[in-house]
Amino acid sequence: MNTAQNIVITGFMGTGKTTVGEIVARKLNRPFVDMDVEIETRAGFRIPQIFRRQGEAVFRDMERQLVHELALRHGLVIATGGGALVDANNRQMMSQHGIVICLNASKAEIRARLSENQHRPLAAEWEAHFDARLGAYASIRNQIMTTGRTPEDIAADILALADGALYVRSPEGGGYPILIGSGLLHRFADDPKAAGLAGHVVVVTNETIAPIYAENLVEELPNANLIIVRDGEPHKNLDTVRGIYDDLLALGADRRTTLLALGGGVIGDMAGYVAATYMRGIPLLQIPTTLLSMVDSSVGGKVGVDLPQGKNLIGAFKQPKRVIIDTDVLATLPELQWRCGMAEVIKHGLIAQPALLEPSLWQPEEAAYLVRHAVQVKIDIVEADPYAHLNLGHTFGHGIEKSTNYAVPHGEAVAIGTMKAALLSRNLGFIDDDLVAQIQRILWQIGLPTDIALDTYRWYAAMATDKKWQSGVSRLVVLKALGEAAVVEGLPPEDIMAVL
Ligand SMILES: NC(=O)c1ccc[n+]([C@@H]2O[C@H](COP(=O)([O-])OP(=O)(O)OC[C@H]3O[C@@H](n4cnc5c(N)ncnc54)[C@H](O)[C@@H]3O)[C@@H](O)[C@H]2O)c1
């Protein structure tokens with residue numbers, strides 16, 4: 001953690017800035033400044049008196065001066081006044097010298113919290129402020145939803161952010177941190193409370209991961225059980241889900257139990273689906289163990305299982321409480337799985353972050369950097385449109401997986417799908433032959449396939465069962481240019497067949 005950096009907590013009144021700020025300051029052993037208290041101490045008056053006697057403009061001036069003074073100091077935990085960072089200059093000043101985190105809560109929640117306060121402002125007054133300030137607050141990158149959460153839990157998210165975690169803003173408001181680094185699994189096991197985890201935990205994993213990581217983890221956690229399922233995509237189905245429900249009931253899991261998905265995308269999707277549905281939803285933590293699940297499936301909240309008729313046909317959106325990515329676990333990942341994860345990294349590079357296409361980064365030693373930058377692409381995608389991700393090559397890939405009865409691993413199917421999407425993009429006149437050749441070279445260099453001998457009619461029919469293919473109308477992601485993807489709808493079947 002950068003100890004010089006200030007941690008600045010802002011947000012509307014009633015979001016808990018002071019309470020949470022005090023906890024954060026205590027945990028980090030840092031000085032805490034509550035801006036409103038500081039202004040009152042210096043002025044010798046309560047804020048309502050300053051407003052009455054000198055007017056709001058004078059108060060805002062005092063606030064501005066204090067922002068400038070505090071921003072230039074180091075290592076503070078600061079709770080701002082509710083309106084302090086509505087001013088864009090104040091926001092900029094604080095974020096130049098620290099990490100700014102906005103706490104938010106729904107209007108109904110704030111109404112309930114304020115009703116307990118004997119000095120509460122008039123509803124008409126604060127509700128007008130609430131609406132007027134929404135835009136300024138929303139422009140702050142780090143958002144933490146406080147509704148229904150304890151101050152300790154919120155403080156844990158702030159500590160993660162201050163420690164360099166990435167943050168995903170979820171569609172319902174609020175969001176969750178993604179921690180990336182070496183040794184995080186042990187750090188988590190040593191102090192699950194620091195990760196906002198208290199109470200009963202059930203780790204869901206598979207028979208391969210259990211002896212390597214899960215059994216140790218469950219032993220180290222104070223109140224944890226283990227559910228082990230069969231390994232592989234063919235088991236990502238409702239039968240396995242049913243088995244997990246039965247095990248959870250037998251273990252006495254209730255709505256306060258946290259489900260911890262420890263494994264690749266299959267475990268993440270399936271355990272996530274269980275967490276979304278068991279007792280109408282229980283908290284979920286994602287601990288992805290494959291490169292693919294680190295850079296893609298653990299982020300964004302899409303969870304689900306396959307039906308014999310198609311992949312991921314049953315599902316839900318379930319945002320995790322946090323994602324913990326310990327890059328050390330990649331040491332035991334089979335090489336094929338590393339390559340499969342690289343297919344998703346390359347996809348992210350092609351659609352948004354060409355820097356990921358630099359071969360010197362494709363080494364396990366560079367995993368932390370690679371994962372961080374690839375995850376950021378996924379975050380940007382899910383924040384822009386949480387429900388329809390730009391999944392280059394995936395509809396082609398799903399068609400391969402389905403028509404080969406999942407004999408081809410997901411990542412290899414994505415690589416072939418990416419190549420097909422590149423060819424389609426070229427045929428549509430968006431990109432040139434050179435870029436197509438470059439994409440092929442990159443995939444080959446990683447050791448990924450770019451084509452497959454399949455019955456094209458079966459392949460096409462399997463693609464047409466994809467969820468994104470609505471009412472028989474095709475919907476495919478193409479490359480408009482390197483670093484830019486777009487969706488094309490309703491292409492004639494012969495255009496698609498031509499690249500298959
Ligand atoms: N939800 C989403 O947004 C999303 C996005 C992409 C993919 N997916 C899904 O993800 C799944 C594919 O995920 P995957 O590629 O991670 O496959 P996977 O979960 O099957 O894992 C691949 C293999 O690696 C093993 N493994 C995992 N971690 C290991 C480790 N650290 N050491 C040793 N072995 C390890 C697993 O046991 C498995 O045998 C598919 O079902 C796909 O549909 C979901």
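For ligands, and for the atoms within them, numbers begin at 1 and follow the listed sequence. Note that the numbering runs from 1 along the sequence shown for the chain. What you see is a predicted model, and the numbers here were worked out from it, not measured in a lab.
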Legend entry - Heavy-atom donor-acceptor pair, R141 side chain to Y167 backbone, under 3.5 Å: yes
Legend entry - Whether C340 lies under 4.0 Å from ligand 1, heavy atom: no
Inset, instruction - Report yes or no: does a heavy atom of K378 sit under 4.0 Å from some atom of ligand 1? - result: yes
Legend entry - Closest approach of T146 to A105 (non-hydrogen atoms, all atoms of both residues): OG1-CB, 3.5 Å
Inset, instruction - For ligand 1, note which part of D269 has a heavy atom under 4.0 Å away: side chain, backbone, both or neither. - result: side chain
Legend entry - Heavy-atom proximity to atom 14 (P) of ligand 1, best of G265, G232, P234: G265
Legend entry - From T395, D451, T450, residue fulfilling side chain to side chain donor-acceptor pair (under 3.5 Å) relative to K420: D451
Inset, instruction - Using distance alone, determine whether L292 and ligand 1 share an N or O pair under 3.5 Å. - result: no
Inset, instruction - Taking only Lys NZ, Arg NE, NH1 and NH2, and the carboxylate oxygens of Asp or Glu, determine whether D254 and R256 approach each other closer than 4.0 Å. - result: yes
Legend entry - Option nearest atom 18 (P) of ligand 1 (shortest heavy-atom distance, choices V266, T205, D328): V266
Legend entry - Ligand-residue contact atoms, ligand 1 with P334, heavy atoms, under 4.0 Å: 33 (C), 34 (N)
Legend entry - Which segment of L330 sits under 4.0 Å of ligand 1 when only heavy atoms are counted: neither
Inset, instruction - Could you tell me whether T208 approaches ligand 1 through its side chain, its backbone, both or neither, with non-hydrogen atoms closer than 4.0 Å? - result: side chain
Inset, instruction - Using distance alone, decide if ligand 1 has a nitrogen or oxygen within less than 3.5 Å of any nitrogen or oxygen in K311. - result: yes
Legend entry - D296 backbone acceptor or donor facing K378 side chain under 3.5 Å: yes
Inset, instruction - Give the atoms of ligand 1, by number and element, whose distance to some non-hydrogen atom of N206 is under 4.0 Å. - result: 36 (C), 37 (O)
Legend entry - N312, portion touching ligand 1 at heavy-atom distance under 4.0 Å: side chain
Inset, instruction - Tell me which part of Q337 gets within contact of ligand 1: side chain, backbone, both or neither, using heavy atoms under 4.0 Å. - result: side chain
Legend entry - Min N/O separation I209 to ligand 1 under 3.5 Å: no
Legend entry - Short N or O distance, S293 and ligand 1, threshold 3.5 Å exclusive: no
Inset, instruction - Salt-bridge test for K27 and E152: reply yes if a basic N is under 4.0 Å from a carboxylate O, no otherwise. - result: no
Inset, instruction - For A210 and I228, work out which heavy atoms get closest and say how close. - result: CB-CD1, 3.6 Å
Legend entry - Check: T332/Y213 side-chain N/O donor and acceptor closer than 3.5 Å: yes
Inset, instruction - Could you point out which residue of E233, H398, E344, Q337 forms a side chain to side chain donor-acceptor pair (under 3.5 Å) with H410? - result: E344
Inset, instruction - For H373 and A355, indicate whether the former's side chain and the latter's backbone hold a donor-acceptor pair under 3.5 Å. - result: no
Inset, instruction - Below 4.0 angstrom from a heavy atom of D231, which ligand 1 atoms are there? Numbered from 1 as shown, please. - result: 36 (C), 37 (O), 38 (C), 39 (O)
Inset, instruction - Would you check whether H394 has a nitrogen or oxygen atom less than 3.5 angstrom from a nitrogen or oxygen atom of ligand 1? - result: no
Legend entry - Proximity winner for atom 40 (C) of ligand 1, if only heavy atoms of E344, E233, K347 are counted: E233
Legend entry - Side chains of D434 and Q438, donor plus acceptor under 3.5 Å: no
